[in-house]
Chemist: 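Quick one: this structure, given as structure tokens, is what I'll be asking you about.
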Amino acid sequence: MARQLRPVELEFAKSAPLRLVFSAHLTASPQALYAALADDVAGWPEWFTAVTAARPVDDGAGREIRLKGGTVFTETVLAREPDTRYAYRVDQTNAPGLRALLEEWRITPTPAGSRVQWTFAADGPAPLWVVLRLGRPGLGRAFKDAVRNLDRRLGRSTGRP
């Protein structure tokens, strides 16, 4: 059963009670990386293995994401800043414990491609904090694997080795 979460805005990425931040370097350009994140929502399951289905809703103003294990998120896109930032908040989910959740992807150019930083900003009761803190290494691995898969995928699409 889906539950409504508290609506948060972009500043929640910095002020959330629980923030998990991960970063990685990619050989893909900021433009290619942003396009994969923001424009090819349906392609997420091809590189982010935790995602089983993804689709834009409301003409791209939102997303519906399904994860392994049956978790579903209905989201509102809060930031679409080409080649630099993509952010969304979860409005409804069947995941227990969450009161608010926002994810922000920041992209910066590097001489060899791009750097991406993913912020997972959440609020919930103390037991959720414990679970998420204990799960931080797993989330970090999932992020690293996802961006590595995405970088390979983008390299194939541009003909890079």
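Each residue takes its place number in the sequence, starting with 1.
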Chemist: Heavy atoms only: give me the nearest Ala121-Ala13 pair and the separation to one decimal.
Modeler: CB-CA, 3.9 Å
Chemist: Show your working on ring pair (Phe, Tyr, Trp, His ring centres under 6.0 Å) between Trp118 and Phe22 and close with a plain yes or no.
Modeler: CA-CA 5 Å; Trp118 177 50; Phe22 306 95; 5.6 Å; yes
Chemist: Can you tell me how far CD of Glu81 sits from CD1 of Ile107, rounded to the nearest 0.5 angstrom?
Modeler: 10.0 Å
Chemist: Taking Pro17's backbone N and O only, do any of them form a donor-acceptor pair with Asp123's side chain (distance below 3.5 Å, no angle check)?
Modeler: no
Chemist: In the structure I gave you, are the side-chain heavy atoms of Gln117 and Thr108 within less than 4.5 Å of one another anywhere?
Modeler: no
Chemist: Under 3.5 Å, side chain of Thr93 to main-chain N/O of Val72, donor-acceptor pair present?
Modeler: yes
Chemist: Verify, without hydrogens or angle tests, whether Arg115 (side chain) and Arg106 (backbone) share a donor-acceptor contact under 3.5 angstrom.
Modeler: no
Chemist: Under a 4.0 Å N-O cut-off, is there an ion pair linking Asp145 with Arg148?
Modeler: yes
Chemist: Check whether any side-chain heavy atom of Lys68 sits under 4.5 Å from a side-chain heavy atom of Thr49, and report yes or no.
Modeler: yes
Chemist: Return yes if some donor-acceptor pair links the side-chain N/O of Lys144 with the main-chain N/O of Ala24 below 3.5 Å, else return no.
Modeler: no
Chemist: Before giving the answer on side chain to side chain donor-acceptor pair (under 3.5 Å), spell out for Asp91 and Thr74 the whole-Å C-alpha distance, their side-chain angles and the decisive distance to 0.1 Å.
Modeler: CA-CA 6 Å; Asp91 296 317; Thr74 303; over 6 Å; no
Chemist: Determine whether more than 12 heavy atoms belonging to other residues, nucleotides or ligands lie under 6.0 Å from atom CZ of Arg6.
Modeler: yes
Chemist: Treating Ile, Leu, Val, Met, Phe, Trp and Tyr as nodes and any side-chain heavy-atom pair under 4.5 angstrom as an edge, say whether Val8 and Leu10 lie in one connected cluster.
Modeler: yes
Chemist: Are more than 12 heavy atoms from other residues, nucleotides or ligands located less than 6.0 Å from atom CZ of Arg80?
Modeler: yes
Chemist: Pro56 and Val41: which non-hydrogen atoms are nearest, and at how many Å?
Modeler: N-CG1, 3.9 Å
Chemist: Step by step, would you call Leu154 with Trp47 a side chain to side chain contact (heavy atoms under 4.5 Å, CB included)?
Modeler: CA-CA 10 Å; Leu154 294 173; Trp47 55 271; over 6 Å; no
Chemist: Search all heavy atoms of Val51 against all heavy atoms of Ala54 and return the closest pair with its distance.
Modeler: CG1-CB, 4.1 Å
Chemist: Show the nearest heavy-atom pair for residues Leu132 and Leu20, with the distance to one decimal.
Modeler: O-CD1, 4.0 Å
Chemist: Would you say Phe143 and Leu33 are hydrophobically clustered, going by side-chain heavy atoms of ILVMFWY under 4.5 Å?
Modeler: yes
Chemist: Taking all non-hydrogen atoms of both residues into account, name the closest pair between Ala95 and Thr71 and its distance.
Modeler: CB-CG2, 3.9 Å
Chemist: In terms of relative ring orientation, are Trp44 and Trp105 parallel, tilted or perpendicular, with 30° and 60° separating the classes?
Modeler: perpendicular
Chemist: Supply the atom-to-atom distance Asp58 CG to Glu75 CD, rounded to the nearest 0.5 angstrom.
Modeler: 12.0 Å
Chemist: Could you tell me whether the side chain of Arg133 and the main chain of Leu18 form a donor-acceptor pair under 3.5 Å?
Modeler: no
Chemist: With Arg63 as the cation and Tyr88 as the aromatic partner, state whether NZ or CZ is under 6.0 Å from the six-membered ring centre and within 45° of the axis.
Modeler: yes
Chemist: Shortest non-hydrogen contact from Leu26 to Val147?
Modeler: CD2-O, 3.8 Å
Chemist: Begin from the C-alpha positions of Phe48 and Leu150 and carry the test side chain to side chain contact (heavy atoms under 4.5 Å, CB included) through to its verdict.
Modeler: CA-CA 8 Å; Phe48 208 131; Leu150 179 57; over 6 Å; no
Chemist: Does the side chain to side chain contact (heavy atoms under 4.5 Å, CB included) test come out yes or no for Glu9 and Arg89, once each step is laid out?
Modeler: CA-CA 8 Å; Glu9 297 302 324; Arg89 72 164 176 247; 3.3 Å; yes
Chemist: I'd like to know whether Glu103 forms a side chain to side chain contact (heavy atoms under 4.5 Å, CB included) with Ile65, so could you lay out the CA-CA distance, the side-chain angles of the two residues, the decisive distance to 0.1 Å, and finally the verdict.
Modeler: CA-CA 13 Å; Glu103 296 180 41; Ile65 304 294; over 6 Å; no
Chemist: Following the transitive rule for hydrophobic clusters with a side-chain heavy-atom cut-off under 4.5 Å over Ile, Leu, Val, Met, Phe, Trp and Tyr, establish whether Leu102 and Leu128 coincide in one cluster.
Modeler: no
Chemist: With a 4.5 Å limit on heavy-atom distance, are the side chains of Gln31 and Ser114 in contact?
Modeler: no
Chemist: Please report the interatomic distance CD(Glu104) to OH(Tyr86), rounded to the nearest 0.5 Å.
Modeler: 12.5 Å
Chemist: Would you compute the distance between atom CG of Leu139 and atom CZ of Arg141 and round it to the nearest 0.5 angstrom?
Modeler: 9.5 Å
